[in-house]
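Side-chain atoms are counted along with the backbone in the values below, which use heavy atoms only and exclude waters and symmetry mates. Below, chains carry the letters A, B, ... as their sequence lines are ordered, and counting in each starts from 1.
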There are 2 protein chains.
Amino acid sequence: MNISERKKRILRAVIEDYIATAEPVGSKTISKHAELNISPATIRNEMADLEAMGLLEQPYTSAGRIPSPGGYRFYVNELMEQHRLSLQETEHLNAALRLKTQELDRVITEATRVISKLTKYPSYAISAGPSHVTIRRFDLLQVEQQTFIVVVMTDTNIVKNKLLRLPADLSETQIHLLNRLLNTSFTGLTLEEITPDLMEMAKQAVGEAYALLTMVIAFATEVMREQETYAVHVSGLARLLEYPEYRDLERAQPLLAYLSEESALSALPKPDDSDVKIYIGPENVEGALQDTSVVVASYDIGENMRGLIGIVGPTRMDYAKIAARLYYFADGLTKLLGSGGDQTKRKK
Amino acid sequence: MNISERKKRILRAVIEDYIATAEPVGSKTISKHAELNISPATIRNEMADLEAMGLLEQPYTSAGRIPSPGGYRFYVNELMEQHRLSLQETEHLNAALRLKTQELDRVITEATRVISKLTKYPSYAISAGPSHVTIRRFDLLQVEQQTFIVVVMTDTNIVKNKLLRLPADLSETQIHLLNRLLNTSFTGLTLEEITPDLMEMAKQAVGEAYALLTMVIAFATEVMREQETYAVHVSGLARLLEYPEYRDLERAQPLLAYLSEESALSALPKPDDSDVKIYIGPENVEGALQDTSVVVASYDIGENMRGLIGIVGPTRMDYAKIAARLYYFADGLTKLLGSGGDQTKRKK
DNA sequence: GTTTAGCACTCGAGAGGAGAGAGTGCTAAA
DNA sequence: TTTAGCACTCTCTCCTCTCGAGTGCTAAAC
């Protein structure tokens with residue numbers, strides 16, 4: 001696209017003004033920008049050109065201009081300056097990143113909350129697990145005669161436990177035997193490899209302890225399955241209503257309903273590299289998002305796992321600021337959670 | 001309050017009609033009720049009386065009547081018939097209660113989602129922990145030379161674990177010593193009882209293993225603190241917008257914002273017995289809830305812990321149906337999670 | 001050739017008013 | 001005590017009108 005420098009200036013001015021005010025921008029308003037010493041009439045001509053190029057739109061004849069999705073795209077690709085976080089902002093983000101070393105779930109929940117608060121848009125996070133998880137290690141701890149804690153550790157270094165109650169006593173040798181069997185025959189297996197045949201064989205081997213074995217294996221498969229699935233979080237939904245574009249309930253409601261449906265969110269775009277991605281209006285495939293923009297960053301949880309954190313809002317948004325914040329935050333999360341960091345942070 | 005049988009009939013008719021239509025109810029509409037063979041004029045007289053008693057209201061002169069909060073209260077206390085769940089409804093609820101035996105958190109999250117879907121109102125759940133938690137048992141499992149899994153079990157039978165990495169090697173005797181020290185000197189202590197003095201004494205006792213000890217204790221205190229705090233979940237927020245009373249954004253927005261603020265929710269009423277409680281309009285203390293009703297049931301998680309599950313909606317709601325569903329659901333949750341049930345369900 | 005001033009024109013937002021309809025309260029009759 | 005009749009009230013909806021912002025075009029100025 002070949003665009004004169006002046007047109008670019010005007011386009012940027014329109015977009016930035018519209019981002020700030022949510023009102024269509026007229027030629028007069030633009031002409032007041034000190035850097036552009038041109039009359040409204042000239043600007044009108046230029047704007048007509050920009051409209052013909054598909055970068056601006058008129059809500060109706062003889063209203064001001066607003067940026068079209070294509071205009072935003074051009075802005076994001078070519079005109080947007082790298083926004084730098086203010087000291088205060090980095091401070092806020094850093095404070096948020098000093099999350100307690102809790103379970104991953106909580107870190108993610110907290111992260112969405114913080115990013116939503118910071119950007120003033122609803123935010124969502126999806127953490128995607130690796131496709132095949134196996135158990136690396138089993139431990140059986142006897143608490144009381146018929147009470148055990150089973151601890152399993154996956155090959156992704158996730159440790160989970162559960163309290164089990166048995167209906168009958170077991171001897172110490174039986175427990176020992178079971179422990180060994182678990183750590184020899186059931187480690188390194190994917191979900192599919194735990195077959196009824198295998199269980200049958202194990203039954204022969206452990207005898208009376210089979211009841212406990214099935215409970216342990218049931219738990220292990222639950223953990224594996226859980227690790228392999230997505231976890232979705234949304235925060236700050238209600239903030240959407242603060243924006244004039246969602247003053248109209250007819251418009252706001254379907255979007256809110258869509259964002260409330262966590263299963264739907266997992267279909268949102270998943271960029272695979274670590275850049276911040278921006279999806280503007282119709283660039284989103286989902287119908288409910290046609291009039292909204294999604295800004296999403298991806299972070300590294302380590303061990304084959306990637307997470308996404310993003311925000312959803314009207315196409316009129318300050319992409320520069322938002323993108324910078326998400327980038328900084330995702331980067332921080334990667335450092336906090338990723339392979340480089342302290343493994344213990346990934347417990348749960 | 002002394003009210004004639006006929007007045008009660010009329011009040012009930014007004015309330016039930018208003019619940020169904022959300023429109024002020026006129027005398028003509030009521031007179032059409034087959035069971036009440038009285039003319040509109042008579043009904044007008046009666047309604048004027050009911051209004052004088054504060055049970056009905058007129059949005060403006062010469063509109064129909066709508067129930068006042070007091071009217072709803074009277075309805076709930078004296079007129080409401082026990083709603084019986086349909087077979088289909090119990091089926092739905094039962095299916096929902098067959099939740100996976102996952103962590104408590106998840107069960108609660110899932111429960112709010114189900115109840116919100118069923119009632120079509122936003123729902124919330126709060127699980128309150130006991131006020132003093134102590135650690136009953138510590139286990140240290142060595143995974144690799146410098147990697148340990150620490151497993152702690154609270155006196156409320158909650159088991160949690162974490163993966164720890166050490167900067168230096170430890171001998172087997174040191175680990176053994178630490179393990180014993182933990183299980184003798186640190187069990188049964190509340191958060192306040194873990195003093196710097198105690199830590200200092202422990203330092204003398206374990207020597208080099210002190211680094212590991214602090215990590216373990218840090219984790220234990222984190223677990224205790226977590227167990228003692230509330231967990232809040234909200235689901236189905238956007239459903240609020242489906243009701244005509246929230247068509248007006250000015251009205252909907254503050255409420256949505258309030259419900260999004262999880263910390264605010266923990267201030268919601270906490271009934272202490274196991275009945276379903278109903279708080280109508282101004283009976284709620286929170287300003288944002290003045291125009292809404294809260295229906296809440298409490299369920300037993302066992303071991304000193306109680307949870308709440310409730311819904312929030314316009315004062316015009318079908319209290320009978322909602323209360324019945326919540327009651328059934330809370331009862332089911334109690335059976336699933338409570339002292340009577342399988343303790344293993346409470347793992348996490 | 002480009003830029004600017006002038007001007008008629010367009011279109012939505014918002015104010016104001018008229019009419020319809022639902023429902024009331026009061027009065028008087030049954 | 002109940003009911004019918006009737007004047008009255010008040011909101012809701014639709015319509016019209018005006019206002020103003022902003023445009024596109026034309027012609028003059030640079």
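A residue-by-residue look at A:Met47 and B:Pro40 shows that B:Pro40 has its nearest nucleotide of DNA chain D further toward the 5' end.
In this model, a side-chain donor or acceptor of A:Ser62 finds a partner on the base of C:dT10 within 3.5 Å.
Residues satisfying the side chain to side chain contact (heavy atoms under 4.5 Å, CB included) criterion with B:Ala41, sequence neighbours excluded, are B:Ser39, B:Arg44.
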*asked:* Between B:Val76 and B:Arg73, does the side chain to side chain contact (heavy atoms under 4.5 Å, CB included) criterion hold? Intermediate values first, please.
replied: CA-CA 5 Å; B:Val76 166; B:Arg73 170 50 64 197; 3.9 Å; yes

*Evaluate the criterion side chain to side chain contact (heavy atoms under 4.5 Å, CB included) for residue pair A:Tyr279 and A:Val285; output intermediate values, then yes/no.*
CA-CA 10 Å; A:Tyr279 301 86; A:Val285 197; over 6 Å; no

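In this structure, the CD1 atom of A:Ile66 is 17 Å from the P atom of C:dC11, given to the nearest Å. Between A:Glu23 atom CD and C:dA13 atom P there is a gap of 10 Å when expressed in whole angstrom units. Rounded to an integer number of Å, the gap from CD1 of A:Ile10 to C1' of C:dT3 is 12 Å. The separation between A:Glu46 atom CD and C:dT2 atom P is 11 Å, rounded to whole Å. Across the protein-nucleic acid pair, A:Glu5 atom CD and C:dT2 atom C1' stand 18 Å apart, rounded to whole Å. The distance between atom NZ of B:Lys32 and atom P of C:dA22, rounded to the nearest whole Å, is 10 Å. For the pair B:Arg44 CZ and C:dA28 P, the computed distance is 16 Å after rounding to whole Å.
Annotation for B:Glu23 and B:Tyr18: closest pair O-CD1, 3.1 Å, computed over non-hydrogen atoms. Of all heavy-atom pairs spanning A:Val294 and A:Leu289, the tightest one is CG2-CD1, 4.2 Å.
Using a 4.0 Å heavy-atom criterion, one finds that A:Ala41 contacts the bases of the nucleic acid, with or without backbone contacts as well.
Checking the phosphate oxygens (OP1, OP2) of C:dC11, a side-chain nitrogen or oxygen of A:Thr61 falls inside 4.0 Å.
The closest donor-acceptor contact from the side chain of B:Ser116 to the backbone of B:Tyr121 lies under 3.5 Å. The closest donor-acceptor contact from the side chain of A:Glu262 to the backbone of A:His233 lies at 3.5 Å or more, if one exists at all. Of the possible polar contacts, none joining the A:Thr315 side chain to the A:Gly281 backbone as a donor-acceptor pair under 3.5 Å is found.
The outermost nucleotides of DNA chain D lying under 4.0 Å from heavy atoms of chain B, listed 5' to 3', are D:dT2 to D:dT11.
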*Dot-bracket, DNA chain C: Watson-Crick or G-U, under 3.5 angstrom, [ ] crossing, | other strand?*
||||||||||||||||||||||||||||||

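Between the CD1 atom in A:Ile280 and the CZ atom in A:Phe74 there is a gap of 12.5 Å [rounded to 0.5 Å].
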